[in-house]
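In what follows, a single structure is set out as structure tokens and then discussed.
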Amino acid sequence: QVQLVESGGGLVQAGGSLRLSCAASGIIFSAHNMAWYRQAPGKQRDLVAEITSGGSTNAADSVKGRFTISRDNAKNTVYLQMNSLKPEDTAVYYCYARGSVRNYWGQGTQVTVSS
């Protein structure tokens with residue numbers, strides 16, 4: 001069975017850093033594009049950053065220069081390094097895997113940034 005297991009969420013002060021991890025199983029990880037999304041209460045789920053199977057990256061304007069997405073195919077894991085965190089970054093963060101036929105979501109992990 002397919003599973004995306006997230007870790008690294010928590011409470012952090014504004015200006016601080018946090019690193020999220022998403023470990024995948026049940027898929028050929030290296031063949032999947034990966035992404036991080038986030039959703040704040042009462043708002044839609046938005047793309048934060050993505051990385052293709054070939055290693056190309058893209059990030060939302062709101063996090064450019066602060067967040068970095070990366071992947072380690074040997075560990076079947078995608079990461080989101082978050083620096084200079086702001087209160088508006090507070091949201092549930094979701095891991096996403098896109099394959100040629102099927103897509104998968106992680107369970108989500110809460111990130112809370114205090115002022």
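- In this structure, the separation between OG1 on T52 and CG on N58 is 10.5 Å, given to the nearest 0.5 Å.
- At a threshold of 4.5 Å between non-hydrogen side-chain atoms, the residues I69 and V78 count as touching.
- Sorted by first and then second residue, the pairs that involve residues 35-60 and meet ring-ring contact (aromatic ring centres under 6.0 Å, His included), not counting sequence neighbours, are Y37-Y96, Y37-W105.
- For the pair T77 (side chain) and K75 (backbone), a donor-acceptor distance under 3.5 Å is present.
- Legend: residues meeting ring-ring contact (aromatic ring centres under 6.0 Å, His included) with F29, ordered by chain and number and at least two apart, are absent.
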Could you go through the side-chain contact (heavy atoms from CB on, under 4.5 Å) check for M82 and V111 one step at a time? CA-CA 10 Å; M82 304 185 293; V111 172; 4.0 Å; yes
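- With a 6.0 Å radius and a threshold of 12 heavy atoms from other residues, nucleotides or ligands, I28 has its CD1 atom at or below the threshold.
- Here Q1 contributes atom CD and Q3 contributes atom CD; the two are 6.0 Å apart, rounded to the nearest 0.5 Å.
- With respect to the salt-bridge test (charged N to carboxylate O, under 4.0 angstrom), the residues K86 and D89 do not qualify.
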Kindly indicate, with the supporting measurements, whether the criterion side-chain contact (heavy atoms from CB on, under 4.5 Å) is fulfilled by Y79 and L20. CA-CA 6 Å; Y79 305 94; L20 305 183; over 6 Å; no
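- Here the CZ atom belonging to R19 is positioned 11.0 Å from the OG1 atom belonging to T68, to the nearest 0.5 angstrom.
- A donor-acceptor pair is defined here as one N or O able to donate and one able to accept, closer than 3.5 Å; no such pair exists between the side chain of R98 and the backbone of Y104.
- For A14 against S115, the heavy-atom pair with the smallest separation is CB-CA, 4.3 Å.
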Any chance you could lay out the side-chain contact (heavy atoms from CB on, under 4.5 Å) test for T90 and Q110, step after step, and finish with the verdict? CA-CA 8 Å; T90 295; Q110 177 71 47; 4.0 Å; yes
side-chain contact (heavy atoms from CB on, under 4.5 Å) between L85 and L18, worked out: CA-CA 8 Å; L85 283 161; L18 212 57; 4.0 Å; yes
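- Note on residues 63-115: pairs passing disulfide (SG to SG under 2.5 Å), not counting sequence neighbours, are C22-C95.
- Closest of all the heavy-atom pairs between G26 and V2 is O-CG2, 3.6 Å.
- For E88, the CD atom counts as densely surrounded, since its 6.0 Å shell holds more than 12 non-hydrogen atoms of other residues, nucleotides or ligands.
- A donor-acceptor pair under 3.5 Å is formed between the side chain of E6 and the backbone N or O of G108.
- Put simply, OG on S53 and CE on M34 are 11.5 Å apart, with the number rounded to the nearest 0.5 Å.
- Residue V92 is grouped with residue L47 when hydrophobic side chains (ILVMFWY) are merged at heavy-atom distances under 4.5 angstrom, including chains of intermediate members.
- Linking ILVMFWY side-chain heavy atoms closer than 4.5 Å, directly or via other members, places Y94 and I51 in two distinct hydrophobic clusters.
- By the neighbour-count criterion of 12 heavy atoms within 6.0 Å, atom CZ of R45 is densely surrounded, having more than that number from other residues, nucleotides or ligands.
- Contact annotation: the side chain of R38 approaches that of S62 to within less than 4.5 Å [non-hydrogen atoms, C-beta and beyond].
- Using a distance-only test at 3.5 Å, with no hydrogens or angles considered, no donor-acceptor pair links the side chain of N83 to the main chain of S17.
- Taking every heavy atom of both residues into account, N103 and G99 meet most closely at OD1-N, 3.5 Å.
- Residue R66 holds its CZ atom at 7.0 Å from OG of S84, rounded to the nearest 0.5 Å.
- Using a 3.5 Å distance cut-off with no hydrogens or angles, the side chains of N73 and S30 do not pair a donor with an acceptor.
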